[in-house]
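Input: a single structure, listed below in structure tokens.
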Amino acid sequence: MRRYGEPRISGKPYRARPGAYAILPRDGRVLLTYQAGIHHEFQLPGGGIDPGESPIHALHREVYEETGWRIAKPRFLGAFRRFVFMPEYDLWAEKICHIYHAFPVRKLGEPIEPDHSVHWVNPELAIDTLGNPGDRAFLQSLL
């Protein structure tokens, strides 16, 4: 599996952290989430897969929590890994990012996840704006 970003730091106790993330195009734009708080970055909507949860269920749940949108027809595109420190969990993580292409079909409300906001962005600008190189590579390959 391809790695994006920084390599593993020797001696750090990394924990595997699988997650599911979505590229969500609609009307010539892509839905991104901006996470304020400690991160301050644009991201593909999505997040961690809970123990016992399927990646598809996690994808639907996380997209809803971060954007307020329901999605349809998720299609798996691939996966990559990142080695990062997650300050909100005080955790060194090997993030295993499962990337999907899906369609936002219905806005049910505002994001319920704290510090998240929704942004509809031109795809080329989204490539330049996303906070990590793996997200950028998958969006670029889809276009």
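Because the structure is a prediction, the values reported are computed rather than measured.
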What heavy-atom pair brings [X] and [Y] nearest, and what distance separates the two atoms?
X	Y	result
Ala58	Gly48	CB-O, 4.1 Å
Pro133	Gly5	CG-N, 3.8 Å
Pro74	Ala102	CA-CB, 3.8 Å
Leu24	Pro104	CB-CD, 3.9 Å
Ala20	Pro55	CB-O, 3.5 Å
His98	Pro18	CE1-CB, 4.2 Å

Is there side-chain contact between [X] and [Y], with heavy atoms separated by less than 4.5 Å?
X	Y	answer
Asp135	Phe42	no
Thr67	Leu31	yes
Phe83	Arg3	yes
His116	Tyr34	no
Glu94	Val84	no
Pro111	Thr33	no
Ser117	His119	yes
Leu91	Arg15	yes

Salt bridge (charged side-chain N to carboxylate O under 4.0 Å, His left out) partners of residues 106-118, not counting sequence neighbours, each pair once: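 Qualifying pairs: Lys107-Glu110.
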Is there a path of hydrophobic side-chain contacts, each under 4.5 Å between heavy atoms of I, L, V, M, F, W or Y residues, that connects [X] with [Y]?
X	Y	answer
Phe76	Phe138	no
Leu142	Phe103	no
Leu139	Phe80	yes
Tyr14	Tyr4	no
Val30	Ile127	yes

Pair Glu6 + Arg82, salt bridge at N-O below 4.0 Å: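 Salt bridge absent between Glu6 and Arg82.
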Ion pair Arg136/Asp128, N-O distance below 4.0 Å: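 The answer is no: the pair does not qualify as a salt bridge.
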Got more than 12 heavy atoms from elsewhere within 6.0 Å of [atom1], [X]?
X	atom1	answer
Asp90	CG	no
Arg8	CZ	yes
Glu41	CD	yes

Glu88 and His39: side chain donor to acceptor below 3.5 Å: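 On atom types as modelled, these side chains qualify, holding a pair under 3.5 Å.
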Tell me if a side-chain donor or acceptor on [X] pairs with a main-chain N or O of [Y] at a distance below 3.5 Å.
X	Y	result
Glu66	Gly46	yes
Glu65	Glu62	no
Arg17	Ala93	no

Listed once per pair and sorted, the ring-ring contact (aromatic ring centres under 6.0 Å, His included) pairs that draw on residues 55-75, sequence neighbours left out: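 Applying ring-ring contact (aromatic ring centres under 6.0 Å, His included) to every pair that reaches into residues 55-75, excluding sequence neighbours, yields Trp69-Trp120.
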Can you tell me how far [atom2] of [Y] sits from [atom1] of [X], rounded to the nearest 0.5 angstrom?
X	Y	atom1	atom2	answer
Met1	Cys97	CE	SG	9.0 Å
Glu53	Leu59	CD	CG	10.0 Å
His40	Ile38	NE2	CD1	9.0 Å

Asp50 and Arg61: CA distance, side-chain angles, deciding distance, side-chain contact (heavy atoms from CB on, under 4.5 Å) verdict: CA-CA 10 Å; Asp50 292 336; Arg61 177 183 54 74; 3.4 Å; yes
Plane angle bin for Phe85 and Trp92 - parallel if under 30°, tilted between 30 and 60°, otherwise perpendicular: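 Judged by the thresholds at 30° and 60°, the geometry between Trp92 and Phe85 is tilted.
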